[in-house]
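Beneath this line is the structure, given in structure tokens, with notes to follow.
A, B, ... follow the sequence lines: proteins, then strands. Residue 1 opens every chain.
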There are 2 protein chains.
Amino acid sequence: MGASSVKDVARTAGVSLGTVSNVLNRPDRVSPATRAKVEKAMRELGFVRNESARQLRAGTSRTLAYVMLDASNPFFTDVAQGIESAAEAVDLSLVLCNSGNDQRRESAHLALLEQRRTQGVLVTPIDPDSAVLDEVVARGTPVVIVDRTRTDTRFCSVAVDDVLGGRLAVEHLIDRGHTRIAYIGGPYTLGQVRDRLAGAREAWAAAELPAEDLIEITIDGLYVAEGLEAGQRLAGLPASRRPTAAFCANDLVALGLLQQAISSGTRVPEGLAIVGYDDIVFAAAAAVPLTSVRQPRQELGRAAADLVLDEATNPDHEHSQVQFTPELVARASTIT
Amino acid sequence: MGASSVKDVARTAGVSLGTVSNVLNRPDRVSPATRAKVEKAMRELGFVRNESARQLRAGTSRTLAYVMLDASNPFFTDVAQGIESAAEAVDLSLVLCNSGNDQRRESAHLALLEQRRTQGVLVTPIDPDSAVLDEVVARGTPVVIVDRTRTDTRFCSVAVDDVLGGRLAVEHLIDRGHTRIAYIGGPYTLGQVRDRLAGAREAWAAAELPAEDLIEITIDGLYVAEGLEAGQRLAGLPASRRPTAAFCANDLVALGLLQQAISSGTRVPEGLAIVGYDDIVFAAAAAVPLTSVRQPRQELGRAAADLVLDEATNPDHEHSQVQFTPELVARASTIT
DNA sequence: GAGTTGGATTGAAAGGTTTCAATCACGTGG
DNA sequence: CCACGTGATTGAAACCTTTCAATCCAACTC
């Protein structure tokens, strides 16, 4: 059974406790003969080192954690992959937790990670300004905010310049000759949704186009279903007000919109041009490949992991807010 | 700092160690006055219960784990969601680990979970017959295999009848009048890829169609890129051999194929009908919504969680192999 | 053969929590 | 005024590993 301890191993192998521990932690210190004996005993007894006891004594855990906002959004799993590659490089393992946009679950995960003395916690929080995060840090667990920014600078964070992203998207549409477009996003409690709109407005203003021709369509969440619904709302507009292009706050919404457009006979991009955001793998694979604003997802993850490690190990760590630059990837959904 | 222990709390609150522990574990046993005192001290000191010590003493951990094969495939994150809902119901938390199709990483995750004395481990293994799994169980950690089946019955497992799924897909295509179709899948080391083909052949044989008109296109993995490539191979076939429909081993492949077909001017379903497998959210949202074989993903996860819990807590647990029934969801990619 | 060196091994202490039998304080009933 | 019961509190032991100073022993040097 899994019930055997170093003590049992020591007894079976006829050595002392300390020697067994040495086999586990400093195999070079122990003679090949005894090492073999001990390893044999371990196998026979099915010994499994008790990580709790190890960690209690050693004081240190060998894991990082990432609390994701929505595990079913490929964007976040890509970020996770970046984190994992950085963690692997320094021989830490990564556990993933999914808050699924639920404040209660987020808190529960954070509490448990704290109690486990996790080396570092990365989180894409529901509310980046929540006091819960401050408390976690105050009690001693390094926390880095991923893909969100706070209003203060008391955290390390890694994000992408969403204002710039919004500007890139809309500049592209203006370049293609569009003079009436929709911005589809929501809820506006999300910083990204606000920032991307802000960028869109900047570009719009810079081109001296009338503000009322940048139409805001507000939706309840950044999912496929909301994109479909937004498509119906667009179709319901009088022709004189109907936009010739839409900029969606993320790719899921854009895919929903695309589906609705095509199924209702609107040609993309001739009848409606579409720009998404995130450039998830399904954007390129859509039947009308989607123009999208790419975020460096893996780099985001890697950078966040590096920051949390620095915070965990470097005594004169200073918080920094890293901001990556997005990039427009033009595809068929805007280009004929 | 995070460095304070129950002892510190006890000292600050002017009570004994045992009382602090009671506040933590049996708050009803302690008078409201002292409880308040203790809780105040905890807040002041930023006390965080040390889960390692707790677990060491109590012997029990409060978490389940799911080692997924590929976190970037929405199918597995949906399964994870099902697991999470079951775990939540019994107040356990779920941690996710991603093997990313890498044998070494899978083993590393399993080893760590064992050492942590995780209550139960769910895993979609790279090789379900691997001896590594037997060893983990032999050492005392309950393991349930998800979405895979073993050749023996020494494990609980939860899977979906892939032979039936294959049959459903191909029966549907035969019903639609197709008499030359392709099966696109690989590598054949994957049980699902083999089983779905077996089901396809059953249906084909039952309809008394010539075996050589069920064309096998072998690919290297079940990803979007491979679907694209398969599309090119189909296009390269002489017209007399070119199939009028394709059954893809999963939706990622089907999406790739769909994209290739449309971008090369083949109409779907008129020029090429397509059936996918898994019915991930992006299947319905594709611009030509994809006919697909739906697996009850969330139920799969829930059932697996139930089994592992039974194995963990019920002394006369018996292994069982649960098999769910798939269901065909017909959409525009096969229906005009 | 005495003394030294170096590697291998040992044993006890420590780490933070939980548990449980023992103790305490206090009010009640006789 | 005493015995008793009840609920609250206490303190020591136990969980398993790691660490480190101390010990052992065999091989070597002079």
- prompt: Within less than 4.0 Å of OP1 or OP2 of C:dT18, is there a side-chain N or O belonging to B:Ser21?
  reply: yes
query: Do you see a donor-acceptor pair shorter than 3.5 Å between the side chains of B:Ser85 and B:Arg302?
result: yes
message: Looking at B:Asp8 and B:Ser5, would you say the former's side chain and the latter's main chain have a donor-acceptor pair under 3.5 Å?
response: yes
task: Would you tell me if any nitrogen or oxygen in the side chain of A:Ser16 comes within less than 4.0 Å of OP1 or OP2 on C:dT10?
output: yes
message: Given B:Asp278, which partner from the list B:Gln295, B:Gln192, B:Arg297 fulfils the side chain to side chain donor-acceptor pair (under 3.5 Å) test?
response: B:Gln295
- prompt: Reckon B:Val15 touches a base, only the sugar-phosphate, or nothing at all at heavy-atom distances under 4.0 Å?
  reply: sugar-phosphate
- prompt: Is the shortest side-chain N/O distance from B:Thr19 to OP1 or OP2 of D:dT10 below 4.0 Å?
  reply: yes
query: Expressed in angstrom and rounded to an integer, what is the separation of A:Leu17 atom CG from C:dT10 atom P?
result: 10 Å
message: Keeping A:Thr124 on the side-chain end and A:Met68 on the backbone end, is there a donor-acceptor pair under 3.5 Å?
response: no
statement: To the nearest angstrom, the CZ-C1' distance between A:Arg11 and D:dT17 comes to 16 Å
message: Quick check on contacts: within residues 22-43 of chain A, what sits under 4.0 Å from DNA chain D by heavy-atom distance?
response: A:Leu24, A:Asn25, A:Arg26
- prompt: Could one point to a donor on the side chain of A:Arg57 or the base of D:dT17 with an acceptor on the other under 3.5 Å away?
  reply: no
field: Nearest-neighbour nucleotide for the B:Leu56 side chain, C:dT18, C:dT9, D:dC15 considered
entry: D:dC15
- request: Quickly work out the A:Asp8 CG to D:dC16 C1' distance and round it to whole Å.
  value: 11 Å
- request: In sequence, state the C-alpha distance, the side-chain angles, and the governing distance for B:Phe47 and B:Val6, and then conclude on side-chain contact (heavy atoms from CB on, under 4.5 Å).
  value: CA-CA 8 Å; B:Phe47 170 78; B:Val6 271; 4.0 Å; yes
task: Rounded to the nearest angstrom, tell me the gap between atom CZ in B:Arg62 and atom P in C:dT17.
output: 19 Å
message: Does this structure show an ion pair linking A:Arg43 with A:Glu39, if we count only N-O contacts that are shorter than 4.0 Å?
response: no
field: Interatomic distance where CD belongs to B:Gln55 and C1' belongs to C:dG15 [whole Å]
entry: 15 Å
- prompt: To the nearest Å, how far apart are B:Arg117 CZ and D:dC16 C1'?
  reply: 9 Å
message: Strictly below 4.0 Å, N to O, side chains only: are A:Arg150 and A:Asp152 in salt-bridge contact?
response: yes
field: Upstream residue (5' side of DNA chain D) when B:Gly18 and B:Ala58 are each assigned their closest nucleotide
entry: B:Gly18
task: Measure from NZ on A:Lys7 to P on C:dG11 and round the result to the nearest Å.
output: 13 Å
